[in-house]
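So you know, we letter chains A, B, ... as the sequences are listed, proteins then strands, and number each from 1. In what follows, every heavy atom counts, from backbone to side chain, and hydrogens, waters and symmetry copies are set aside.
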Amino acid sequence: MPDFEPVLLRRILRQADPALEAYRADGGYRALTKALNEMTPAQVVQTVKDSGLRGRGGAGFPCGTKWTFLPKDHPGPIYLCVNADESEPCTFNNRILMEGDPHQVLEGIILASYATRASVAYIYVRYEYGRAYRAMQRAVEEAYANNLLGRHILGKDFHLDVYLHRGAGAYICGEETGLIESLEGKRAWPRIKPPFPAVEGAFRKPTVVNNVETLACVTHIIDRGADWFKSIGVPPDPKNPRDAGSYGPKLYCISGHVNNPGCVELPLGVTVRELIDKYGGGVWKGRKAKGCIPGGISMGLMTEKEFDTPLDFNGPGKVGCLGLGTAAVTVFDETTSIVEVLYNICRFFAHESCGQCTPCREGTGWMLKIADRIRRGRGRLEDLDLLEELGNGMGIMPGTTICGLADGAGWPVKTAIRKFRPEFEEFIRSGQRIETPALVGAH
Amino acid sequence: MSALGDDIRQQILDLLPRYPRKQAVTLPALHLVQDKLRCVPLEAIREIADLLDLAPAEVYDTMSFYGFFRDERNPLGRTRLWVCRSLACALRGGEEMLQAVCAKLGVRPGGTSADGKITVEFAECIGACEGAPAVLINDEARMNVTPDKVDELIAELSKE
Ligand SMILES: Cc1cc2nc3c(=O)[nH]c(=O)nc-3n(C[C@H](O)[C@H](O)[C@H](O)COP(=O)(O)O)c2cc1C
Ligand code: SF4
Ligand code: FES
């Protein structure tokens with residue numbers, strides 16, 4: 001792969017001043033000026049559609065297409081909800097964008113609002129991101145003071161208010177309708193869809209929900225054009241008529257047992273192996289990898305043998321993972337017990353299920369109990385089938401739950417059992433048990 | 001006497017124009033109260049409900065959904081210290097870190113040190129995984145906090 005010049009991280013990597021003046025000196029708000037002077041909202045939507053940009057929040061839905069689902073000629077108000085709840089374990093790219101270059105994100109928010117005719121944008125930031133919250137708050141204040149927000153933005157007939165709204169430590173607020181319920185001041189119980197938010201969202205009005213990184217991409221698409229965006233990444237697989245392609249740059253997070261954990265920006269389609277060896281400094285302590293989670297824990301597990309899989313919207317599915325997810329790769333080395341990995345993941349979902357759907361509430365609880373039983377040396381071989389069965393029974397795909405948390409809870413369990421079955425069987429048969437609370441590879 | 005006091009009351013009222021429905025101010029109001037009082041007393045719930053035209057039970061319903069808010073029987077200490085236990089941290093000693101902090105302060109997760117200075121909690125991924133094991137001090141992450149740095153950290157957070 002030829003050397004790639006970072007776009008989203010361009011200013012962040014050289015630790016540029018996040019303030020408005022410095023952002024402008026680096027070409028910031030050029031895209032917004034261009035859009036307001038030369039483009040209609042419909043042309044902005046079309047450009048984003050043409051770029052092939054797909055949502056970076058996990059589902060990969062084409063961004064421009066989602067915007068066209070808003071009702072035409074709606075009297076308003078229309079809302080934009082910026083999903084800055086980033087809570088998928090092992091994912092931190094939204095944090096880096098908001099902390100390091102908040103105006104890049106804000107410019108995307110203003111552009112998206114112009115395109116969708118949204119009059120208010122709410123940035124829903126997870127509580128844990130205090131620094132990101134304050135960085136975004138400062139950027140919003142600067143924008144108001146410089147006619148980039150408020151009434152008659154840059155002298156045009158375009159008005160927008162942007163407000164930050166803090167979460168309170170619940171993963172489910174990242175699910176778009178859980179986010180909306182939480183914003184409205186209720187418990188974050190995801191809604192049954194349809195109606196989708198574009199038709200009936202926040203405060204029962206048409207609403208667009210977009211991820212922070214998606215919106216940061218919009219800034220550059222308007223600045224450099226759809227063709228530029230399409231020159232990066234992977235075109236659709238001709239053998240797969242449903243593939244919409246994987247265009248543009250992507251922020252990949254690398255963590256776990258690597259020498260240099262961090263966030264790198266690369267064209268979509270880099271392989272797991274390349275990420276680990278070339279950008280993550282290789283597996284730590286001179287060890288080999290046993291496997292990884294390739295896209296946050298919800299997408300399932302990959303074995304080391306599957307590391308040549310490209311991380312685009314298509315790749316992970318070919319090895320039985322749920323999708324690209326958040327493109328956050330966490331590596332575990334050969335000394336790590338797969339039982340501990342499973343236990344850790346089950347514990348997360350049992351803690352974070354919102355409790356609304358019985359298969360998810362009870363299923364995640366049972367999966368944790370069984371994983372814990374195995375870990376304590378009281379597992380039975382039948383438990384492995386039971387885990388798979390539980391994983392298969394819960395989620396939007398089997399049609400038993402309201403939101404995708406349950407699919408994401410089942411996937412790592414199913415893939416762990418399917419891909420690492422001999423290790424689980426050996427662990428159970430030999431009567432091993434884990435006394436320490438932690439993963440073995442930590443030492 | 002009012003549990004909110006005039007300043008929080010005014011801060012809550014100032015947020016109302018941001019949203020088309022008053023109920024949307026529930027979470028911001030709860031944050032304002034807990035930041036200041038270290039818990040959300042029942043009287044504050046009633047007063048928030050009154051300001052937002054809600055039943056106290058509606059405010060309580062939202063508040064209790066998020067494990068984040070404390071009632072008056074169980075207030076937070078001066079600093080809330082969250083120790084991450086999710087995968088990226090657990091792979092690099094996060095659980096030992098949680099154990100070490102609890103042992104040092106003589107509390108279980110959720111508990112507060114005897115001097116009232118530090119409340120310890122476990123956290124699910126706080127989005128600082130490149131610096132695992134990571135902790136959150138109130139709302140700011142600190143990275144690469146390994147068990148050997150526990151004494152230093154506790155001393156820092158216990159200072160007057
Ligand atoms: C359980 C669950 C958690 C989610 N968490 C997040 C999140 O933290 N951030 C995010 O942007 N999207 C999250 N999503 C995806 C959102 O529902 C939604 O698809 C996304 O915000 C849309 O933005 P995009 O199209 O720009 O990606 C989550 C989905 C589910 C099912
Ligand atoms: S699937 Fe789980 S998290 Fe999603 S709505 Fe149902 S119970 Fe809640
Ligand atoms: S797993 Fe601990 S910060 Fe992400």
* Heavy atoms, side chains only, cut-off 4.5 Å: are B/Glu95 and A/Glu340 in contact? -> no

* **pair B/Asp61-A/Arg187: side-chain heavy atoms closer than 4.5 Å** => yes

* Atom group of A/Ile297 that falls short of 4.5 Å from chain B, counting heavy atoms -> side chain

* Main-chain N/O of B/Glu124 paired to A/His351 side chain as donor or acceptor, under 3.5 Å -> no

* Asked: Sub-3.5 Å donor-acceptor pair from the side chain of B/Thr62 to the main-chain atoms of A/Gly185, do we have one?
  -> yes

* Asked: Can you say whether B/Met97 sits under 4.5 Å from chain A via the side chain, the backbone, both, or neither, judging by heavy atoms?
  -> neither

* Side chain, backbone, both or neither: which part of B/Leu136 has an atom under 4.5 Å from a heavy atom of chain A? -> side chain

* Asked: What option among A/Glu88, A/Lys205, A/Glu181, A/Arg134 has the most heavy-atom pairs under 4.5 Å with chain B?
  -> A/Arg134

* Asked: Under 3.5 Å, is there a donor-acceptor pair between the side chain of B/His31 and the main chain of A/Tyr127?
  -> no

* To do: Using a 4.5 Å cut-off on heavy atoms from C-beta on, say whether the side chain of A/Tyr79 contacts that of B/Pro20.
  => yes

* Side chain, backbone, both or neither: which part of B/Ala29 has an atom under 4.5 Å from a heavy atom of chain A? -> neither

* Structure fact -> With chain B, the option among A/Gly169, A/Gly355, A/Pro89, A/Ala202 that has the most non-hydrogen atom pairs under 4.5 Å is A/Pro89

* No-hydrogen, no-angle side-chain donor-acceptor test under 3.5 Å, A/His165 and B/Tyr19 -> yes

* Is there side-chain contact between A/Asn344 and B/Arg85, with at least one heavy-atom pair below 4.5 Å? -> no

